[in-house]
Amino acid sequence: MFQNSAEKSACYRPIVILNGETSVNQTDFIQQLPKVELHLHIEGSLEPEMMFELAQRNQIKLPFSTPEAIKAAYQFSNLQSFLDIYYQGANVLQHEQDFYDLTWAYMLRCHQDNVIHTEIFFDPQTHTERGIAFATVIDGIHRALEDAQQKLGISSRIIMCFLRHLDEESAFETLQQSLPHKDKIVGVGLDSSELGHPPEKFTRVFRQAREEGFLTVAHAGEEGPVSNIYNSVELLKVSRIDHGVRCSDDEKLVAELVQSQMPLTVCPLSNTKLKVFEKMEQHNIVELLREGVQVTINSDDPAYFGGYMTDNFLAVAQSHTLTEDELAQFTRNAINATFISQAEKQALMNKLDSFVAGR
Ligand code: HPA
Ligand code: ZN
């Protein structure tokens with residue numbers, strides 16, 4: 001996956017950065033930079049071509065006649081307009097092999113993008129509500145991740161998310177269903193419609209999840225107010241905030257995030273597609289990085305938002321002026337924020353350091 005040092009020195013050229021436009025050298029640097037992804041919904045990596053293929057394989061009728069027609073429908077005005085289409089798309093996933101194929105395709109993309117570790121979300125309720133067994137979903141995803149570790153050398157973890165638009169009882173039921181699979185799941189998260197479904201709705205479920213040994217994360221401050229960030233930290237005891245970009249509405253919160261070193265898993269292309277920011281130039285990720293917030297770059301739902309990890313890095317670098325050190329810092333922050341052992345973190349840090357040193 002990585003070039004050897006002879007190849008590296010042969011293609012070394014000084015870096016040129018012009019007003020946030022990426023030079024050829026910076027594009028190469030971003031492509032080759034070891035990356036760690038911490039915010040990826042596996043259902044959001046379902047490409048239109050695979051959706052079409054699975055619909056045929058499982059004899060499910062789609063309201064589109066071609067993959068191009070599916071892509072043309074991906075015009076979103078906010079989070080809810082995306083979620084409506086996203087849940088519909090997931091209906092083609094029926095069998096363990098479907099979840100395997102979906103996950104394997106994502107891991108191949110990780111390989112192309114030099115992603116060396118990934119922590120992926122799945123939404124059990126999106127599937128169990130349609131009568132698909134919890135085991136069918138987790139076993140397909142887990143088997144693909146094991147193959148990716150063996151064949152591609154990419155390590156990973158699985159986090160299950162509760163859908164916040166559903167009630168507490170459904171989340172408790174899902175937690176119960178996950179217990180026989182605890183060895184395959186490192187943590188629980190909270191996703192779906194943020195407005196109207198604050199973190200406090202799930203305080204008790206998250207408490208029980210922590211008692212079962214799960215780490216916790218939550219989407220907060222994507223579209224919702226800063227109180228959702230505060231309450232995710234205080235009530236859900238999260239180790240990371242997913243998105244969190246609305247923290248800039250409150251200077252005191254930004255200072256607390258810096259002080260506590262709370263990681264934010266930011267998703268630049270998602271944020272512009274869902275109109276959290278009108279333009280990438282207005283995105284606050286670089287400002288937060290320079291203020292000392294532990295921001296990371298992630299792809300969220302790459303099949304819907306127009307790009308995987310490298311695309312997200314490029315989108316930020318094309319709209320902001322960034323040094324190589326700053327680009328590498330996104331990976332450094334992500335490694336520190338992973339849910340792996342200290343020794344595994346050190347191994348990832350060594351990969352990053354040898355890449356940077358070889359430039
Ligand atoms: N926000 C909330 N829920 C989600 C998202 C997101 O960006 N992607 C998939 N489910
Ligand atoms: Zn998300």
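Atoms within a ligand are numbered from 1 in the order they appear, just like the ligands themselves. We count residues from 1, following the sequence as given.
Taking CD1 from Ile30 and CG from Asn25, the interatomic distance works out to 11.0 Å, rounded to the nearest 0.5 Å.
The atom of Asp300 nearest to the Zn ion (ligand 2) is OD1, with the search restricted to N, O or S atoms. Take the N/O/S atoms of His39: the one nearest the Zn ion (ligand 2) is NE2.
Nearest-residue assignment for atom 9 (C) of ligand 1 (options Leu40, Asp191, Asp301, Asn271; heavy-atom criterion): Asp301.
The Zn ion (ligand 2) has His219 among its coordinating residues (N/O/S atom, backbone or side chain, under 2.8 Å). With a cut-off of 2.8 Å, the Zn ion (ligand 2) has an N, O or S atom of His41 in range.
Ligand 1 has no N or O atom lying under 3.5 Å from any N or O atom of His39, backbone or side chain.
Within 6.0 Å of NZ on Lys201 lie more than 12 heavy atoms contributed by other residues, nucleotides or ligands. More than 12 heavy atoms of other shown residues, nucleotides or ligands fall within 6.0 angstrom of atom CZ in Arg130.
Atoms of ligand 1 found under 4.0 Å from any heavy atom of Phe82, numbered from 1 in the order shown, are 8 (N), 9 (C). Shown in contact with Glu222 at under 4.0 Å from a heavy atom are these atoms of ligand 1, numbered in order with element: 1 (N), 2 (C), 6 (C), 7 (O).
In Leu79, the part holding a heavy atom less than 4.0 Å from any atom of ligand 1 is the side chain. If you look at Asp242 next to ligand 1, there are no close heavy atoms at all, none under 4.0 Å.
Residue Ser192 places a heavy atom under 4.0 Å from ligand 1. Leu83 counts as a contact of ligand 1, since one of its heavy atoms falls under 4.0 Å from the ligand. Under the 4.0 angstrom criterion for non-hydrogen atoms, Tyr86 is in contact with ligand 1. Residue His243 places a heavy atom under 4.0 Å from ligand 1.
Closest approach of Ile159 to Val188, counting heavy atoms only: CG2-C, 3.8 Å.
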Side chain to side chain contact (heavy atoms under 4.5 Å, CB included) between Gln26 and Leu327: does it pass, once the steps are laid out?
-> CA-CA 10 Å; Gln26 196 180 45; Leu327 288 163; 3.5 Å; yes
Starting from the C-alpha separation in whole Å, work towards a yes-or-no answer on salt bridge (Lys or Arg N to Asp or Glu O under 4.0 Å) for Glu119 and Arg240.
-> CA-CA 12 Å; Glu119 301 193 351; Arg240 308 194 288 246; 2.8 Å; yes
Going through the distances and angles, do Leu190 and Phe162 end up as a side chain to side chain contact (heavy atoms under 4.5 Å, CB included)?
-> CA-CA 5 Å; Leu190 189 61; Phe162 301 114; 4.1 Å; yes
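Among protein heavy atoms, the minimum distance from atom 7 (O) of ligand 1 is reached at Asp300 OD2, 2.8 Å. Closest protein heavy atom to atom 10 (N) of ligand 1: His41 CE1, 3.6 Å.
Ring geometry for Phe277 versus His283: interplanar angle of 30 to 60°, hence tilted. Using a 30° and 60° split on the angle between ring planes, His219 and His41 fall in the tilted class, from 30° to 60°. Using cut-offs of 30° and 60° for the angle between ring planes, the His181 and Phe134 rings count as parallel.
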